[in-house]
Amino acid sequence: MNETPDRATTVVKDPVRVRMAPSPTGYLHIGGARTALFNWLFAKHYNGKFILRIDDTDMARSTDESMHEIYTALKWLGLEWDEGGDKGGPCGTYVQSERKAIYEGYVAQLLESGNAYHCYCTPEELEEIRTQARGNKQLRSYDGRCRDLTSEVVERYVAEGRKPTVRIKMPETPIRVDDIILGSRNIDPATLEDEVIVRSNGMPNYNLTSIIDDAVMKITHVIRGTEHLNNTPKQIAIAIALGLNVPQFAHIPLVLDSSGRKMSKRHHGDLVAVNRYREQGYLPKAMLNFVVRLGWSYDDKQEIFSVDELIEKFDLERVGKSGSVFDIKKLEWLNSHYINQLDVAARTDAVIPFWQEAGLLNNSIENRSWLEDIVAAVGERLTTLQDIVPQTSYFFTDAFEYDPKAVKKWWGNSEEKRERTRAILTNISQILEEIPTFDIETIEAAIWKYTDENNIKRVAAMQGLRIALTGTSFGPSLFDIVVILSRATVLKRVQKALEFLSGNP
RNA sequence: GCCGCUAUCGUCUAGGGGUUAGGACGGGUGGUUCUCAGCCACCAAACCGGGGUUCGAAUCCCCGUAGCGGUACCA
């Protein structure tokens, strides 16, 4: 019982209450989505509550707009919260900037008990202390010089118009931090400095508000990114000084970019924005499945998890300790998997907004079954929903270019080859014009009959026709395309191709 | 600089004192097909290094090294 465990274990005695506490200073990013998901799954698994708290004590950077963007992104992912955000709950408002009075009470208590003090140092002075401390290889960058200011000095500072901050007085005894994922350790208090808990403008800081709200909101488990690991002992110290309950901690490893750095808005822009993936046609299920496997695994067999399965199987014990690289290829694979899982009707529903966005479709859908035919023809070729646009635009418009490489390969770049292509297209055109019923079986039989009897390679005939009808050398089965396009359009496009082929090669 | 965390194929990971170190993504090869995608089959690809402990270490211990995170009146 005296050995340090590699990990702490998840203890569940009270009803589980977890929270996601974003600061509304931008969109929800991948790392935030994963934190939200882990918290949400943990809550669902234990039948607990998932709380959304808005940590907006940095008034200069927080915006309402970003707060609403975070709501939207979370809702899109299906990570609904039980309390907080725009929803409220038994703890009143869950927006920290509106909870100032609560923190003020605790700060007064800290000041009174001598666990906190006013600091009159200016930013310039602090900067100087910092550089000096660094030069001297000091453990901390603030030396606690305002801990015992005489009343004369304080009066002078006040007279100068200095506005003080409030600092917490760090304890002298080691602080024990238990982490479900990373294990336990004792923090040497000499490495902890007297953190600013209230700014000179009166607004409290993260380390104070976070631990107070965690206690007040009866949060049982704090699941957050490891970038907060170094804040943990500070927050525990504040909780102890205030006599508040300390939640259990679980620090989840970071999501990294391909060069191993933390994914951040600052360095990766909207590449990390959840909204961007929605706009590009990724499915929430795919995002969730992808993101959960960044750091968590179930066994050596399963990659695909439904949300219900995740709720059942997720636990913190199987979250790894090291960071995980965001691999877009794997996301793409999962996304195509989930798109393919959709039946044609559902897939059509999913894809319609992307056609509309691209201007290929009006808001009023009159040709639903035709659209479904297109989706069925496209089959399992979509990686993202947005792929529907480049892959099917030729169904909606005649205005496409012939891909030069395809033209060169299949139509030929010599007059001789083009003459041959013209002959084939002319013949096929005639076959299609005369065919009694314009359906796949009849057309297929007629075309094969023509190619085989005339010793024409099937590929050559089909690819030649494909370019005429779509402009490209790849895509769905050509017979599907022909039927969906209708006889009139097909004949018209072959005519156009013949004219093109009569021009200069 | 200081504090802290981490370390299995390119990537996500399973495993863990004796295994051909398993799976998935990605990559490659072949098959199917009117193309592409898909599907099927196969292939290449890893235990950071050095010391211990042990009959035996990728696994346990120690020391390195590297990477990352933090180091604000941000969160």
Side-chain angles (χ1 to χ4, degrees), chain A residues 21-25 55-58 60-62 119 121-123 126-127 130 133-141 163-167 179 182 185 187-188 190-193 195-207 209-210 224-233 251 253-254 256 258-262 290 293-304 318 320-334 336 340 378-383 391 406 410 444 447-448 451 457-467 470 472-479:
Chain A
S23 72
T25 53
D55 283 11
D56 65 340
T57 51
D58 184 351
R61 294 197 306 147
S62 299
C119 169
C121 295
T122 62
L126 258 14
E127 184 55 41
R130 230 186 327 269
R134 190 174 272 222
N136 297 337
K137 303 191 177 187
Q138 297 283 308
L139 257 40
R140 325 180 247 221
S141 58
K163 293 264 186 290
T165 60
V166 178
R167 286 184 187 267
D179 192 284
L182 297 173
R185 66 215 159 90
I187 303 301
D188 179 358
T191 65
L192 265 21
E193 64 182 52
E195 218 53 43
V196 170
I197 54 173
V198 182
R199 300 169 168 89
S200 54
N201 68 4
M203 186 55 81
N205 262 342
Y206 169 74
N207 280 314
T209 59
S210 176
R224 60 177 18 165
T226 37
E227 70 265 28
H228 289 295
L229 197 55
N230 292 313
N231 290 323
T232 310
H251 286 94
L254 301 174
L256 312 170
S258 53
S259 53
R261 285 173 205 285
K262 173 182 159 186
F290 171 68
R293 288 285 292 100
L294 257 28
W296 177 84
S297 64
Y298 179 64
D299 58 18
D300 63 341
K301 298 185 175 59
Q302 197 171 354
E303 287 290 340
I304 307 286
R318 293 196 65 85
K321 295 181 181 185
S322 50
S324 333
V325 174
F326 179 95
D327 179 13
I328 187 77
K329 288 288 182 193
K330 186 157 179 190
L331 209 209
E332 286 175 352
W333 168 70
L334 280 165
S336 61
N340 297 342
V378 166
E380 303 195 337
R381 269 167 270 251
L382 299 178
T383 296
Q391 287 189 26
W410 297 105
E444 184 170 354
I447 302 255
W448 289 163
T451 54
K457 278 191 189 159
R458 288 182 171 191
V459 189
M462 296 298 275
Q463 288 296 76
L465 180 60
R466 182 182 292 279
I467 297 164
T470 73
T472 69
S473 59
F474 53 85
S477 166
L478 195 52
F479 298 114

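Residue numbers start from 1 in every chain, and the chains themselves are labelled A, B, ... in the order their sequence lines are given, proteins ahead of strands.
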Which sits closer to the 5' end of RNA chain B, A/R318 or A/Q138, going by the nucleotide each is nearest to?
A/Q138
Short side-chain to backbone donor-acceptor contact, A/R293 and A/W296, under 3.5 Å:
yes
Full working for side chain to side chain contact (heavy atoms under 4.5 Å, CB included) between A/E195 and A/Y206
CA-CA 10 Å; A/E195 218 53 43; A/Y206 169 74; over 6 Å; no
Need one value for A/G320: base, sugar-phosphate or nothing, where a base atom within 4.0 Å counts as base even if backbone is also close, heavy atoms only.
nothing
Pair A/H251-A/T232, side chain to side chain donor-acceptor pair (under 3.5 Å): steps then yes or no
CA-CA 10 Å; A/H251 286 94; A/T232 310; 3.2 Å; yes
Same-atom distance (C1') from B/C25 to B/A44, integer angstrom:
15 Å
So, do A/F290 and A/F326 sit near enough that their side-chain heavy atoms are less than 4.5 Å apart?
yes
Check whether any side-chain heavy atom of A/Q391 lies under 4.5 Å from a side-chain heavy atom of A/F474, and answer yes or no.
no
Closest heavy-atom pair and its distance - A/L294, A/S324
C-OG, 3.5 Å
Can you confirm whether A/P253 sits close enough to A/K321 that some side-chain heavy atom of one is under 4.5 Å from a side-chain heavy atom of the other?
no
Report the residue (A/S297 or A/N136) whose heavy-atom-nearest nucleotide on RNA chain B is the more 5′ of the two.
A/N136
Can you check the distance between B/A46 and B/C55, where both ends of the measurement are the P atom (answer in whole Å)?
31 Å
Just name whichever nucleotide pairs with B/C36, Watson-Crick or G-U, keeping both distances under 3.5 Å, else none.
none
Shortest non-hydrogen contact from A/V378 toward A/P476:
CA-CG, 4.0 Å
Nucleotide B/C2, atom C1' - distance to CZ of A/R140 in whole Å
12 Å
Could you state the NZ-P distance from A/K321 to B/A7, rounded to the nearest angstrom?
6 Å
Scanning all shown strands, the Watson-Crick or wobble mate of B/A24 with both distances under 3.5 Å is B/U11
Expressed in angstrom and rounded to an integer, what is the separation of A/L192 atom CG from B/G4 atom P?
11 Å
Take atom C1' in B/G17 and the same atom in B/C12, then report the distance between them in whole Å.
27 Å
Polar pairs (N or O, both sides) under 3.5 Å between protein and nucleotides 33-36 of chain B?
residue: B/C34; atom: OP1; partner: A/R458; partner atom: NH1; Å: 3.4
residue: B/C34; atom: O2; partner: A/R466; partner atom: NH2; Å: 3.1
residue: B/C34; atom: N3; partner: A/L478; partner atom: N; Å: 3.1
residue: B/C34; atom: N4; partner: A/S477; partner atom: OG; Å: 2.2
residue: B/U35; atom: O4'; partner: A/Q463; partner atom: OE1; Å: 3.3
residue: B/U35; atom: O4'; partner: A/Q463; partner atom: NE2; Å: 3.4
residue: B/U35; atom: O2'; partner: A/Q463; partner atom: NE2; Å: 3.4
residue: B/U35; atom: O2'; partner: A/S473; partner atom: O; Å: 2.8
residue: B/U35; atom: O2; partner: A/G475; partner atom: N; Å: 2.8
residue: B/U35; atom: O2; partner: A/G475; partner atom: O; Å: 3.3
residue: B/U35; atom: N3; partner: A/R466; partner atom: NH2; Å: 3.1
residue: B/U35; atom: N3; partner: A/G475; partner atom: O; Å: 2.5
residue: B/U35; atom: O4; partner: A/G475; partner atom: O; Å: 3.3
residue: B/U35; atom: O4; partner: A/S477; partner atom: N; Å: 3.3
residue: B/C36; atom: O2; partner: A/R381; partner atom: NH1; Å: 2.8
residue: B/C36; atom: N3; partner: A/R381; partner atom: NH1; Å: 2.3

When both distances are under 3.5 Å in a Watson-Crick or G-U wobble arrangement, the nucleotide paired with B/C60 is B/G52
Sort out the partner of B/G1 for me: Watson-Crick or G-U wobble, both distances under 3.5 Å, none otherwise.
B/U71
P gap between B/G4 and B/U8, integer Å:
22 Å
Do the side chain of A/E332 and the main chain of A/T383 share a donor and acceptor less than 3.5 angstrom apart?
no
Interatomic distance at P, B/C3 relative to B/G22, whole Å
41 Å
In the structure I gave you, are the side-chain heavy atoms of A/V459 and A/W410 within less than 4.5 Å of one another anywhere?
yes
It should be established whether A/S258 places a side-chain nitrogen or oxygen under 4.0 Å from OP1 or OP2 of nucleotide B/G10.
no
Locate the shortest heavy-atom distance separating A/T57 from A/R199; write the atom from each residue and the value.
O-NH1, 3.2 Å
Could you walk me through whether A/W448 and A/M462 pass the side chain to side chain contact (heavy atoms under 4.5 Å, CB included) check?
CA-CA 10 Å; A/W448 289 163; A/M462 296 298 275; 3.9 Å; yes
Whole-angstrom distance between B/U19 and B/U13, as gauged at atom P:
26 Å
Rounded to whole angstrom units, what separation is found between the CD atom of A/E332 and the C1' atom of B/G38?
16 Å
Sticking with atom P, work out how far B/U35 lies from B/G30, rounded to a whole angstrom.
15 Å
If we call it a pair only when both distances are under 3.5 Å in a Watson-Crick or G-U wobble match, what pairs with B/A46?
none
Give none if B/A66 has no partner; otherwise give the nucleotide forming a Watson-Crick or G-U wobble pair with it, both distances under 3.5 Å.
B/U6
Produce a footprint string for nucleotides 64-75 of chain B: one letter per nucleotide, 5' end first; B if the base is under 4.0 Å from any protein heavy atom, S if only the sugar-phosphate is, - if neither.
----SBSBSBBB
What's the gap between B/G51 and B/A14 when it is taken at their C1' atoms, as a whole Å value?
29 Å
Please lay out, stage by stage, how A/E444 and A/S477 fare under the test side chain to side chain contact (heavy atoms under 4.5 Å, CB included).
CA-CA 11 Å; A/E444 184 170 354; A/S477 166; over 6 Å; no
Every protein N/O lying under 3.5 Å from an N/O of nucleotides 17-24 of chain B:
residue: B/G23; atom: N2; partner: A/E303; partner atom: OE2; Å: 3.0

For a quick check of understanding: with a heavy-atom distance under 4.0 Å over all strands, which category does A/R224 fall into, base, sugar-phosphate or nothing?
nothing
